Amino acid sequence: MGSKKIVFSGIQPTGDFHIGNYIGAVKRWVAEQDLYDNIFCVVDLHAITIYQDPKILRGKIRQAAGVLLACGIDPQKSLLFVQSHVPAHAELTWILNCVTPMGWLERMTQYKDKSAKQESVSTGLLDYPVLMAADILLYQTHYVPVGEDQKQHIELTRDVAQRFNSLYGETFTLPEGTIPKIGARIMGLDDPSVKMSKSIASDQKHHAVGLLDSPDQVWAVLKRATTDSGKEIVFSDETGKAGVNNLLTIYQALTGQSQTEIENHFQGKLYGALKREVADVIIETLKPIQERYNALMQDKGALDAILHRAAEQAASRAAPTLQKAKEKVGFVV
Ligand code: TRP
């Protein structure tokens with residue numbers, strides 16, 4: 001493990017994983033488990049910056065962890081744990097709070113967007129990026145794979161780390177944000193001009209296919225997928241063909257066939273057939289994931305035990321950095 005680059009990913013336990021997350025992120029995380037020292041954190045402390053129904057949240061935390069395990073994240077190779085199980089995250093957040101000017105947080109665009117939608121804004125929502133910085137910096141992370149919307153938070157993490165390092169001396173590694181490769185972008189099935197998103201999916205029934213959806217649900221969404229008035233089934237970057245291109249991209253990601261093979265296969269077929277076949281490969285992909293997921297959820301005690309074991313490992317990996325930060329600021333340790 002020692003020489004591998006450390007990669008930290010934070011996963012919100014709100015909203016459901018969909019096929020876009022699977023193709024764009026989870027599938028690669030699973031494939032790259034031997035290449036990197038991967039840390040996956042289900043960020044429940046972040047989730048409650050906006051009120052969550054406690055009963056639903058508890059289910060969603062287990063669900064997020066369970067889905068990742070079912071997709072093939074292997075606890076022997078990767079660290080997958082729940083943020084609130086490791087108190088070091090909250091502790092380091094406090095220390096970092098004290099070197100973070102308020103103005104930096106008030107400028108964050110995600111904060112501005114989210115707070116505009118809230119009647120009352122919690123201190124936690126403003127502080128969200130500092131908690132995220134603590135997540136990343138605790139593990140001396142090299143890379144943070146994030147979407148466009150999180151880039152500003154990575155910049156802030158670097159700024160906070162740099163400020164701490166220059167005030168108190170070298171303590172934290174400066175992380176780099178990595179943006180997932182193109183081709184990994186799956187668009188909304190209802191609207192192929194926007195990226196498939198968990199939050200849109202929770203309002204818009206035909207936007208995404210969830211990883212836990214039944215075959216009937218998969219087909220109900222695919223049947224209504226937006227295409228165009230033409231009939232050519234080809235990969236294309238024309239705006240008008242974005243819907244068909246998206247369906248073909250999903251098909252390609254899940255079958256591993258080449259673009260030419262796929263275009264030959266669909267030549268002369270109708271959009272209805274394309275939708276049916278894409279639905280079928282999705283259903284085939286989800287079947288073993290759902291079987292593993294259901295088995296895991298049968299025994300919540302066993303799942304919780306896996307998570308608590310991982311939390312112990314995370315805590316012992318985080319401890320030296322937290323200790324160092326405490327020493328640097330002048331605490332008696
Ligand atoms: N803010 C991230 C998101 O909404 C989740 C997150 C929390 C995260 N802590 C992190 C992502 C650390 C990367 C690294 O997607």
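As the structure lists them, so they are numbered: ligands from 1, and atoms in each ligand from 1. Just the heavy atoms: all of them, side chains too, but no hydrogens, waters or symmetry mates, feed the values below. Because the structure is predicted, anything quoted here is derived from the model rather than measured.
- Under the 30°/60° scheme for interplanar angles, the aromatic rings of Phe8 and His89 are found to be tilted.
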Which side-chain N or O atoms in residues 97-108 pair as donor and acceptor under 3.5 Å with protein atoms at least two apart or in another chain?
residue : atom : partner : partner atom : Å
Asn97   : ND2  : Thr93   : O            : 3.4
Asn97   : ND2  : Asp127  : OD2          : 3.2
Thr100  : OG1  : Leu96   : O            : 2.7

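- Residues lining ligand 1 at a heavy-atom distance below 4.0 Å are given as Phe8, Gly10, Gln12, Val43, His46, Tyr128, Met132, Asp135, Ile136, Val144, Gln150, ordered by chain and residue number.
- Within the structure, the side chain to side chain donor-acceptor pair (under 3.5 Å) test picks out the following pairs touching residues 280-294 (sequence neighbours left out): Arg276-Asp280.
- With 3.5 Å as the limit, one finds no donor-acceptor pair spanning the side chains of Thr14 and Gln52.
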Side-chain donor-acceptor pairs of residues 53-61 under 3.5 Å, sequence neighbours excluded:
residue : atom : partner : partner atom : Å
Asp53   : OD1  : Lys55   : N            : 3.0
Lys60   : NZ   : Asp16   : OD1          : 2.6

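- Here the two rings, on His153 and Tyr111, have centers that are 6.0 Å apart or farther.
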